[in-house]
Each structure stands twice: as structure tokens, then as C-alpha cells.
Amino acid sequence: MEYDTIIGLEIHVQTKTKSKMFCTCPTGYFQKEPNSHVCPVCMALPGALPVPNKRAIELCMLMGLATNCTIANEIYFDRKHYFYPDLPKGYQISQYKNPICSNGSVTLPNGFEVKIERIHQEEDVAKSTHHSSTSETDYSLIDYNKSGVPLIEIVTKPCLRTAKDAKDFATQIRQIARYLNISDADMEKGQMRCEPNISIQEKGRWEEKDGMILPLGDYKLNPKVEVKNIGSITAVEKAIEFEVARLTKDLEEGKPLIQQTRGWNANKNVTEFQRSKETADDYRYMPEPDIPVIGVSNEDIERVKSELIELPHEKITRYMNDWDISQYAAEVISASRKDASYFENLQALLSEKLEHKIAAQEAANWLMGTVFALEGDKEIDMNDLSLLIMKFKEGKITKGKAEEMLKDCISNNKDISDELDMFEKSASDNAGNIQDIVKQVLDNNPKAVADYKGGKEATMGFLVGQVMQKTKGASNPNDVKNILIELLK
Amino acid sequence: MKIDVKHTAELSRITLTPEELEKFTPQMETILESVSVLKDVNTDGVQPMKAHVKFNELREDVPQESLTQEEVLRNAKHKESGFVKVYGKVFGAIEES
Ligand SMILES: [Zn+2]
């Protein structure tokens, strides 16, 4: 039997605000004293009223705008009820029927378009750790610092078909969140959480309609599995692959499938049963009466839109089309906003002297080959780097020598332009005895000389290299080449 | 009016004995009955009443001091090293967000 894999993703992202979603408590709870960022609102003391954070809603809209969503002109909040110690109110303020962002899409590097059903605003819950004890009943320790931190939930349609696409989608969402400073989206810190739901269905016996998977004829759909506790982007792919294999095996062995929630175990690389879902969730949604309807004008949306900078996939296209940068280099450089802006600024600087495509290619080569390798905590000064690149382009210094100089200057806090001056001075001092060195190299390499004279021009590179080695790089390769040509005539 | 008190109790994590179920069900049905007179009011053509606020009038993102840990834990029945302590196996059946 052949099966189709059907995957939908729910991604929660904590957005980067200074204060919480509905109160003025500070958000930065990481490694803080427990219950030190808590007020009557986030602890749900009687009479406390939620007051929505404007910036949080802007960040939700920004994520929506970056993923081609429609932004609502009226924002409604709803109460989602459930009882759990990490939720002191007994409900989470969320959005039910009217999310802030709806009907979006993201195009993956392979061209596949992922449909986004909605992005809505909600609040995070407290952190609870569970403990078993032999001397007393099981208990949990609750820290409410995280309770009320702004959280957005991105929900795709069940349109994904492969684990790789699901992983690429999560990667792209993380990249957008970081680029636009919506979130640091660190999965290990819980700032981003991915929960795939997965089912496998017999080929040709189902259809997708308005984001719903429907059976064809008398086919009975297989139940879906939701996977939680995924702590990294690679685990998204691994967990889905594991589930697809597990479901296929169970089906083929005739085992009945049940709708269930499973947890990813990153140590064992397996999913583990958590609970079955015999009944549908019953959250008793109701409109949040404590928060008025928020009117959003088109001007408000335009203002948020102005924060929308060029995104990685747009940069990749532009680098490739305008500057003939390879796809690989374009992807690597655009992966972080910092690298992309360094690259673009270096390109602009080099364009003052070089043709713009050449400037871009040099910038890319030096970034990929040298800067990424050298750069530790310290950023390489762009003016220094462009000075070096220009000397290299003028043939005054070899790439190896330039890299060596760059490394030396970074680790020993030397000034590049001083070093270059010294280098050029010693190069001109060397010029006198360079003739002798060239002659010596020719004497030592009779075969190369014969090859060159016999028409093998590539040998020239070898001879230049030999001379450069003897002068320890302290000479101009172009000059060396000219002298060689002269002497070999 | 019918109400599934058992289900409602489960959602609220309240355990009811069969006797209690028997006792509460008619009581809650009476409550629902009395409230249901609202259903008889004709609301055709009446706009829902909603309070509105403009986006620009929302709270700016400026953090302020929270309560102290001591104040936060003052009402907690059980506490341990700065945490609120909750006993019992209430976990598992209901989903975390
Ligand atoms: Zn608070």
C-alpha cells in the first residue's frame, strides 16, 4: 500500500517585548529568581485587569506581513479555558475565531508554497517542574515569571508533505523572526516551539479542501498524531520521519491507529506516547470581556509595514540576479541579518573602485573564505578589509599574504594601513634583489622553464609562486611575473 | 435544559461522587433554565454592543516594577525555594499550551 504523508505545523514564538502581554511586568525571565517578575495580573489575583501591549500586537502583525497574511482591522481576544497550575486564571487569553493575521504563505527554497492558516496573539503560561518524592505526594514547583509573556502561534494548513519541507518551513520562520527582531526564536530556550501534527493516508483516497483533509468515497481517514517537546529544528525533521515510519509500520501490521499526543525524546531519537485524544478538546471559548475590541486602521498597518526589511529569500534572489553570486554563497551570507548587512556595506565600499558585480563577488569571496574563518568575537573593520581587497585586486599583495596580515592585525591589535605601508615599503626594498631571486628560481627549475618555453603557460603560476615563497610574500606578484616574462624571452 | 455535569466537572478538575452528580444536575439545569429567558428576547437588527479602543491608544511597551517574591508568595499555601508548590497528580490529562 502507498501512503501520503500529511503534516501541519503549529509554531509558537515568544515575541521580544520589554513588558508582558497584558501587564507591565518585565519579560526577561531567563535565569532570574523565580516569581520575581510577577504582578496581580499575571498571577490572576481577583480584580486584576489585562491591558494589551501595543508593541506585542505590532510584532504579531509584522510576522503576518512578512508571511503575506491579511491583517485584521479589528482585534478580538477570547478566553480559552483549561485548568492547570501553570495557568492561574483558569483560562489563557488567546484568539479564537478572529486571529490578527490570516491566509498567509511562505515559499520554501525548493519553491514549495506553505499555506499559513492564521497567526494569532496569546500569552505564555508559567513554568512548572514536576517532582516525585518517596516521602510525600508528587508535586510541582511553579514559577510565574513566564506567565503572560507575549506569544504568537503560527498555524499552517495541513499542506506539508515531507519532513524536510516542515523543517525548512520552521527554519524560515525562525529566520524571519530573527531578521525582523520579532524574537530570538531560540528553541533550546523555549522561545520557539514546533508542534507538528502528522497522519498518513492511502494514496488517492483523500482530498484537501479549504485546509481540511477529507475522505473520498467510503474511505475512513487515519487519525493524526501530535508531537510535542521538540527542542531543535533538526528534531522537527527527525520526529516527523520517525512518526511516518512508525505509523506506516503499524498500519501494515494491521494495528489500529489512535489519535494521540506523543513527545519527542531527543536522547533516544524516538517519540513516546503521552496521551490519547478520545474526545475533542473542549476549551469553552468565550469573548474576553475585559479587553475592548481594538480598531486597527490601514495607517496603523502601514506603519508596522515600514519595519518590514528585505527578507533572506528576497536577498538571495537579488544577490544571484544582480550580482551573479552563487546560490550557496547567497544563502550563507543572507542567513543572518548581520552578515548580510556586512556584505552589502562591503560591496558598496568596493563599488567605489570596482565594477559593482566584481565588487559583490570579491566581497562574497572574502566573506566566505576569510572573514567567516577569522571572525571571532571581534568584527573585522570594513575599511581595513576593503583596503586589503583593493591591494589584492591591484596585484600588490597575494591573497595568502593579505589573509595572514588580516589575522595578525586582528589577534595582535595592529593597524592594517600601517602594516600595508610597511609591507609595501619592504616590497620596494626587495625589488633590487628580486632579479637575483628570479634568476635563482629559474636555475633551480629547469623542467618548468622548458615546459614554459614549450608552450605550457600555466607553468608561469608555479614559477611566480616559487619566487613569492622565497621573498616570503613580500613582493608584488605582478612585478614578479613581468620580470619572469622578461627573463624567459 | 440538559447539561452534562460530569463532563463539566471533569473540565474543571472537580471529582464528583455519583450522589453529588445526582444532586447537582437538576440544580444546574434550573440555573440554566432561569438564564435561558434571555433567549426569548428578540434581538433582530440590534447591533452587538462592543467597547472599542483605537490601536494607538493601547499601552506602550514600558516595563514597571513587579511585586517582590515575598509578596507574590504571601498567599501561596505551599512554597519551596521561591516557587509555588502544588501537590497532587493534576498533570497529564489536559494539554499544556
Ligand atoms: Zn504581571
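In what follows, chains are A, B, ... by sequence order, proteins preceding strands, each numbered from 1. Just the heavy atoms: all of them, side chains too, but no hydrogens, waters or symmetry mates, feed the values below. In this text, all values refer to a predicted model and were calculated from it rather than measured experimentally.
Proximity to chain A (any heavy atom under 4.5 Å) is shown, for B:Val53, by both the backbone and the side chain. Proximity to chain A is absent for every atom of B:His78, based on heavy atoms less than 4.5 angstrom apart. With a 4.5 Å cut-off on non-hydrogen atoms, A:Ser36 touches chain B through its backbone but not through its side chain. When heavy atoms are compared at a cutoff of 4.5 Å, A:Met21 approaches chain B solely by way of its backbone atoms N, CA, C and O. Of the two parts of A:Glu74, only the side chain, counted from C-beta on, holds a non-hydrogen atom closer than 4.5 Å to a non-hydrogen atom of chain B. Of the atoms belonging to A:Cys23, it is backbone heavy atoms, and not side-chain ones, that fall under 4.5 Å from chain B. Contacts between A:Pro287 and chain B at a heavy-atom distance below 4.5 Å are absent for every atom of the residue.
Taking CZ of B:Phe83 as the start and OG of A:Ser128 as the end, the distance is 10.5 Å to the nearest 0.5 Å. The distance from atom CZ of B:Arg59 to atom OG of A:Ser19, rounded to the nearest 0.5 Å, is 4.0 Å. A distance of 5.0 Å separates CG in B:Leu73 from CG in A:Asn35, rounded to the nearest 0.5 Å. Here the straight-line distance linking atom OG of B:Ser12 with atom CZ of A:Arg284 works out to 8.0 Å at 0.5 Å rounding.
Within the 4.5 Å cutoff, side-chain heavy atoms of B:Asn56 are placed close to those of A:Arg303. A heavy-atom distance below 4.5 Å is not found between the side chains of B:Phe55 and A:Ser297. For the pair A:Val38 and B:Leu67, the minimum side-chain heavy-atom distance is 4.5 Å or more. In this structure the side chain of A:Asp300 never reaches within 4.5 angstrom of the side chain of B:Lys54, judged on heavy atoms. Side-chain contact between A:His81 and B:Leu11 is absent, with no heavy atoms from C-beta onward closer than 4.5 Å.
With chain B as the partner, the residue from A:Val293, A:Ile291, A:Thr129 showing the most heavy-atom pairs under 4.5 Å is A:Val293. Per-residue counts of heavy-atom pairs under 4.5 Å with chain B were compared for A:Val296, A:Asp143, A:Val51; the largest is that of A:Val51.
More than 12 non-hydrogen atoms from other residues, nucleotides or ligands lie less than 6.0 angstrom from CD of B:Glu57. In B:Lys50, the NZ atom is crowded: over 12 heavy atoms of neighbouring residues, nucleotides or ligands sit closer than 6.0 Å.
Between A:Pro292 and B:Ala51 the shortest heavy-atom distance is CB-O, 3.3 Å. Here the shortest heavy-atom pairing between B:Glu80 and A:Tyr139 reads OE2-OH, 3.8 Å.
B:Glu60 and A:Lys54 are joined by a salt bridge, as a carboxylate oxygen and a charged side-chain nitrogen come within less than 4.0 angstrom of each other.
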